[in-house]
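First up is the structure itself, then whatever we jot down about it.
Values in this document were obtained by computation on a predicted structure and should not be read as measured data.
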Amino acid sequence: RMLDAVTITYVKKPTVVGIAPATVDDMGGKSIFIYGTGFHPSQRIECIFNNSRLSQVEWISHETLKCNIPPLRPGIVPLHLNYPETGAISRDVKLEIVEHISVMQMLPTNGPDEGGIKIKMFGKGYPKDVSQLVFCGFGRLTIQGKRENANTVSCLAPAFGDIPLEETTTNRLHHRELFLKLSFDFGRSWVQSPVPFSFLNSIVVTSVSPTHGPLSGGTRIDLHFLQTVDECPAYCGFHFPGVKSQERVIYAVGKCLNS
């Protein structure tokens with residue numbers, strides 16, 4: 001008695017030759033491409049990270065697979081392919097997991113609209129190589145930043161007029177805000193500041209009255225401005241010059257009398 005014919009398909013033994021990108025952050029949620037030979041669409045394949053974390057694989061071609069990355073601890077993580085139906089396991093390839101880049105603090109948070117002040121971005125997960133180029137994004141305007149140390153990047157604020165207006169929020173007459181961004185990969189990806197930076201118009205004082213008063217204090221001083229000031233209360237600084245080590249500035253809360 002003849003048995004029904006059975007078709008047996010022989011496939012080439014899968015091999016892995018590389019992955020891209022070879023470095024990802026510890027947050028997970030991104031994908032890597034695995035390159036090699038002998039990948040077959042009928043085979044069930046799993047990505048195994050650190051011999052424990054499993055991720056399903058998407059077949060792209062006989063030479064390419066796509067694998068989603070789960071959250072992982074920073075460090076060098078071995079990655080191999082597992083074939084549950086046959087028990088076969090590929091050789092390990094190394095995947096570098098780095099700390100997620102984030103900006104924790106920005107100082108100062110405001111400056112004059114003519115620019116020129118240094119803004120420092122304090123964060124974590126910045127690339128270890130401090131000589132690596134970093135770029136600062138002010139809206140669509142990109143300028144080169146500077147690595148001050150492992151956790152600090154400084155950006156020189158441009159003039160507000162050099163930034164396209166549609167990239168900013170103009171919510172007051174002399175108060176304009178936008179979030180700063182950093183990129184360590186020539187603009188392919190950006191990380192944003194936790195708070196916006198405010199560009200402030202320079203306040204021009206046209207007159208001060210009176211110009212003198214008793215040493216005992218208590219004199220009301222009126223300051224008149226070239227433009228409307230809508231930031232109230234305002235702060236008045238009294239500078240007492242002298243030897244550098246003895247210079248003093250005393251601040252007092254002012255009051256806006258009219259607009």
Side-chain angles (χ1 to χ4, degrees), residues 99-127 130 132-208 221-240 247-259:
E99 189 175 20
H100 177 68
I101 297 176
S102 59
V103 179
M104 311 300 292
Q105 185 182 25
M106 177 180 69
L107 291 175
T109 57
N110 59 68
D113 62 358
E114 60 264 27
I117 69 166
K118 180 187 289 188
I119 305 170
K120 291 188 176 182
M121 310 274 274
F122 305 94
K124 64 177 184 177
Y126 293 170
V130 295
Q132 182 174 337
L133 291 178
V134 58
F135 293 90
C136 307
F138 294 80
R140 289 184 300 184
L141 179 66
T142 300
I143 61 174
Q144 187 172 331
K146 179 183 178 182
R147 285 292 294 273
E148 300 285 345
N149 54 49
N151 301 311
T152 308
V153 170
S154 64
C155 308
L156 195 64
F160 180 75
D162 293 338
I163 304 173
L165 280 176
E166 62 269 24
E167 294 294 332
T168 69
T169 300
T170 305
N171 58 3
R172 293 190 180 98
L173 177 66
H174 68 285
H175 192 162
R176 288 151 298 184
E177 302 175 335
L178 76 163
F179 287 90
L180 270 65
K181 301 175 293 183
L182 294 181
S183 177
F184 296 91
D185 56 7
F186 295 92
R188 289 189 293 273
S189 62
W190 296 89
V191 58
Q192 184 173 279
S193 60
V195 295
F197 182 83
S198 300
F199 285 88
L200 306 176
N201 272 343
S202 299
I203 303 297
V204 179
V205 178
T206 56
S207 65
V208 177
I221 304 173
D222 293 336
L223 289 84
H224 300 274
F225 304 99
L226 181 64
Q227 66 275 73
T228 299
V229 176
D230 58 4
E231 287 293 318
C232 293
Y235 291 85
C236 304
F238 296 86
H239 178 225
F240 297 87
E247 286 187 356
R248 291 186 301 151
V249 178
I250 298 177
Y251 293 94
V253 177
K255 181 180 180 182
C256 294
L257 298 180
N258 55 49
S259 58

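- By the side chain to side chain donor-acceptor pair (under 3.5 Å) test, Thr152 pairs with Asn149, sequence neighbours left out.
- Contacts of Ile221 classified as side chain to side chain contact (heavy atoms under 4.5 Å, CB included), with partners at least two apart in sequence or in another chain: Val208, Leu223, Phe238.
- Judged as a ring pair (Phe, Tyr, Trp, His ring centres under 6.0 Å), and not counting sequence neighbours, Phe179 has no contacts.
- Using a 4.5 Å heavy-atom threshold, the side chains of Leu180 and Cys136 count as separate.
- Residues forming a side chain to side chain contact (heavy atoms under 4.5 Å, CB included) with Asp162 (at least two apart in sequence, or on another chain): Leu141, Ala159.
- Taking each heavy atom of Tyr126 and Ser102 in turn, the nearest pair found is CE2-O, 4.0 Å.
- Here the closest heavy-atom approach between residue Val134 and residue Phe184 is recorded as CG2-CE2, 3.6 Å.
- Residues passing the side chain to side chain contact (heavy atoms under 4.5 Å, CB included) test with Val191 are Ile101, Val103, Leu182, sequence neighbours excluded.
- Remark: Val130 engages Arg147 in a side chain to side chain contact (heavy atoms under 4.5 Å, CB included) (not counting sequence neighbours).
- Among pairs with a residue in residues 179-194, those fulfilling side chain to side chain donor-acceptor pair (under 3.5 Å) read Ser183-Asp185, Asp185-Ser189, at least two apart in sequence or across chains.
- In this structure, the separation between SG on Cys155 and NZ on Lys146 is 12.0 Å, given to the nearest 0.5 Å.
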Without placing hydrogens or testing angles, list every side-chain donor-acceptor pair under 3.5 Å for residues 115-124, not counting sequence neighbours.
none

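- For Ser154, the side chain to side chain donor-acceptor pair (under 3.5 Å) partners at least two apart in sequence or on another chain are Glu148.
- Summarising the geometry, atom CZ belonging to Phe199 is positioned 10.5 Å from atom CD belonging to Glu114; distances are rounded to the nearest 0.5 Å.
- The two atoms that bring Leu107 and Gln105 nearest to each other are CD1-NE2, 3.7 Å, heavy atoms only.
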